[in-house]
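To start, the structure under review is shown below, and the notes come after it.
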Amino acid sequence: MRKSVGIFLAIFFVLQFNHVRSTSSEQPYRTAFHFQPPQNWMNDPNGPMYYNGVYHLFYQYNPYGPLFANQMYWAHSVSHDLINWTPLDLAIAPTESFDINSCWSGSATILHGNKPVMLYTGIDSENRQVQNLAVPGNLSDPYLREWVKYPGNPIINLPDGIQNDDFRDPTTAWLEDDGKWRILVGSQKNKMGIAFIYQSEDFVNWTKYDSPLHQVADTGIWECPDFFPVSVDSTKGVDTSVINGVVKHVLKVGLFDYARDYYMIGNYSPVKENYVPQNELNLGTLRLDYGKYYASKSFFDPVKNRRILLAWVNESDSEADDIAKGWSGLQSFPRSVWLDRNQKQLVQWPIEEIETLHENKVSLHDKKLESGSIQEVLGVTAYQVDVKISFRISNLEEAEELDLSLSDPQLICSGNNASNKGKFGPFGLLALASSDLTEQTAVFFRVYKNNGRYVVLMCSDQGRSSTRNGLDKTTYGAFVDIDPQQDEISLRTLIDHSIVESFGGGGKTCITARVYPAMAIGEEARLYAFNNGTQSVVISELSAWSMKKAQINVQETISCTDQ
Ligand code: DQQ
């Protein structure tokens with residue numbers, strides 16, 4: 001009898017903790033420095049904030065399996081450096097009539113007297129999306145482990161004329177001179193994407209404005225809106241409540257129908273309560289990232305006066321693969337975000353704390369890459385690496401004319417993979433490549449002429465990223481707003497087992513991809529610089545660092561006495 005209990009317990013433990021024990025060869029796609037839970041499904045970042053010396057990240061989580069579920073929870077991790085994270089207990093669970101069918105995304109606000117609060121979307125017992133409030137149970141706990149739901153929830157009900165499942169994702173609130181808080185909530189009506197605006201004095205009683213802050217026809221529901229000021233003359237971030245003559249406002253919305261995060265830059269007038277974007281949203285306008293990157297959320301970090309951006313990076317493999325892996329979803333590496341000097345777009349760059357993971361730097365200077373040549377980057381762990389490369393080109397006047405019938409950059413990239421010779425380009429990096437190059441994720445540039453100016457195209461081509469079938473290998477592409485006559489063409493790529501996160505033109509154009517090589521795994525992976533254009537290019541500088549593994553959500557919890 002005792003023996004069978006022992007066997008049962010042994011099997012139980014093997015099943016329960018299999019994910020923790022599995023080796024890196026069984027789990028080649030788990031990452032080393034990108035945030036992910038030890039197991040199960042994760043999607044949007046929720047309520048990121050800095051509070052009393054600690055960074056908090058909450059996220060959409062299914063604690064019971066690797067697929068999205070009908071009942072979603074808020075999981076919670078804390079960090080002192082945004083690199084290493086400690087998992088805590090689940091923060092918000094679907095338990096009450098106002099959120100029994102899911103606790104969906106939301107945002108943190110720090111109220112007067114340094115009091116953090118959370119607004120989140122609940123799916124109520126009648127499957128309506130409503131907005132709820134939760135507050136820390138114990139403000140003297142530095143990790144804010146306990147969250148208490150306001151008993152009077154929901155604090156905002158579904159507006160008239162809006163369908164039950166079209167009203168979600170409250171933003172961080174901003175405070176105006178009249179002493180009232182404002183928030184946005186994403187919605188849609190007849191395919192018109194909407195950001196409703198609400199105001200409140202006490203954070204409990206909210207009044208909707210008659211007109212939304214912004215809306216755009218035919219864009220479908222707007223998920224996870226984010227509304228924040230950016231300084232017009234500095235790369236420093238500003239608090240969400242700053243409204244003055246030296247900031248512009250960014251309105252970012254996730255278009256559910258396309259799983260893409262678009263943004264506008266514009267002027268917000270608190271007096272008129274209106275927002276006038278410089279660029280109206282359409283499918284060809286500015287995106288935070290032109291690859292796999294969605295439901296992003298930013299927060300102001302008062303320690304380093306910067307605005308930090310996080311986003312969900314979905315898998316590109318199948319549900320069956322996710323079940324086999326036991327997990328699904330990553331967070332992008334945290335990025336600092338600011339307004340470009342030209343005030344026409346944002347710039348994003350990995351937060352400087354990334355340097356704490358750097359080791360074994362290798363570099364190259366002034367290396368000419370003749371047409372058709374490749375250069376292996378030796379001496380780094382190519383499966384876990386931060387690489388920066390910049391290219392110099394000359395005789396630009398010989399560049400090919402851009403075919404204007406192909407003005408969608410993603411289409412130009414898909415029609416011209418890394419082996420299609422052009423004049424200037426393709427040149428760039430081959431990430432997670434096998435030694436015979438059968439597998440490679442090519443991140444590269446092409447330079448064209450158009451209407452008397454030069455156009456730089458950036459592509460991330462996953463077409464040959466794996467010999468495995470059944471993966472989404474979409475090629476991504478976008479233009480980079482730089483002048484190659486004056487600026488070098490630069491690329492920074494964070495390669496981490498199954499994610500290739502690229503920053504072109506100093507962070508003006510970002511493209512993130514998920515890839516699952518079958519051969520280029522671990523020590524078998526290679527990294528190359530290449531030039532497949534007919535013209536030579538010069539690598540003016542290449543620096544690459546092997547990346548140490550961060551401590552991300554390893555299963556040791558903070559004890560109750562650790563305060
Ligand atoms: N994910 C949440 C929603 C949000 C969507 C549900 C965006 O609140 O609209 O997990 O990915």
Side-chain angles (χ1 to χ4, degrees), residues 35-37 40-48 57-76 90-94 98-108 118-124 127-134 153-154 156 158 162-172 183-189 193-196 219-227 251-263 287-289 291-298 309-316 319 322 327-332 512 514:
F35 184 102
Q36 56 184 153
N40 296 329
W41 168 277
M42 170 184 65
N43 55 298
D44 315 352
N46 290 156
L57 176 61
F58 303 80
Y59 54 93
Q60 286 288 283
Y61 185 59
N62 170 14
Y64 302 111
L67 304 181
F68 186 75
N70 287 336
Q71 272 197 316
M72 292 297 290
Y73 291 65
W74 277 42
H76 183 193
L90 294 171
I92 306 181
F98 52 78
D99 64 11
I100 190 74
N101 284 315
S102 263
C103 300
W104 276 14
S105 288
S107 307
M118 281 308 162
L119 291 177
Y120 71 97
T121 298
I123 304 189
D124 75 5
N127 277 317
R128 290 173 302 213
Q129 296 184 354
V130 295
Q131 313 315 320
N132 297 323
L133 174 67
N153 279 335
I156 303 180
L158 196 66
I162 296 297
Q163 291 190 358
N164 282 1
D165 53 355
D166 284 342
F167 183 56
R168 53 184 176 269
D169 308 337
T171 62
T172 292
I183 56 163
L184 304 182
V185 182
S187 187
Q188 74 168 334
K189 195 170 184 180
I194 301 175
F196 284 123
T219 50
I221 186 162
W222 287 2
E223 295 189 312
C224 299
D226 196 12
F227 189 59
L251 174 59
K252 186 276 321 189
V253 295
L255 298 198
F256 170 78
D257 292 353
Y258 305 88
R260 293 174 172 183
D261 271 7
Y262 283 86
Y263 69 92
R287 286 165 60 188
L288 288 177
D289 190 297
K292 219 158 236 238
Y293 187 94
Y294 191 59
S296 64
K297 193 170 289 294
S298 72
L309 188 64
L310 291 155
W312 168 39
V313 183
N314 195 7
E315 301 299 307
S316 292
E319 285 195 348
D322 294 343
W327 58 273
S328 172
L330 303 178
Q331 295 293 315
S332 59
T512 298
R514 296 298 309 283

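For ligands, and for the atoms within them, numbers begin at 1 and follow the listed sequence.
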Counting only N and O atoms by type, is there a donor-acceptor contact under 3.5 Å from the side chain of Asn101 to the main-chain atoms of Asp124?
-> yes
Taking only non-hydrogen atoms of Gln60 and a 4.0 Å limit, the atoms of ligand 1 in range are 2 (C), 6 (C), 10 (O)
What one should report as the nearest heavy-atom pair of Phe167 and Gln131 is O-NE2, 3.1 Å
Nitrogen or oxygen atoms of Arg168 and ligand 1 under 3.5 Å apart = yes
Short list, please: which atoms of ligand 1 are under 4.0 Å from a heavy atom of Tyr294?
-> 7 (C), 11 (O)
In Tyr73, Tyr61, Trp327, Tyr64, the residue satisfying side-chain hydrogen bond (donor to acceptor under 3.5 Å, both in side chains) with Asn40 is Tyr61
Proximal atoms of ligand 1 relative to Ser105 (non-hydrogen, under 4.0 Å) = 2 (C), 8 (O)
Just jot down the side chain to side chain contact (heavy atoms under 4.5 Å, CB included) partners of Phe68, sequence neighbours excluded, or say none.
-> Trp41, Asn43, Met72, Trp104
Checking heavy-atom distances from atom 11 (O) of ligand 1 to each of Asn46, Ile123, Asn43, Asp44, the winner is Asp44
Closest protein heavy atom (residue, atom, distance) for atom 8 (O) of ligand 1 | Asp169 OD1, 2.5 Å
Enumerated ligand 1 atoms positioned under 4.0 Å from heavy atoms of Phe68 = 10 (O)
Partner residues of Asp99 under the side chain to side chain contact (heavy atoms under 4.5 Å, CB included) criterion, sequence neighbours left out = Thr95, Glu96, Cys103, Tyr120, Asn132, Lys149
Before giving the answer on salt bridge (charged side-chain N to carboxylate O under 4.0 Å, His left out), spell out for Lys297 and Asp226 the whole-Å C-alpha distance, their side-chain angles and the decisive distance to 0.1 Å.
-> CA-CA 6 Å; Lys297 193 170 289 294; Asp226 196 12; 5.7 Å; no
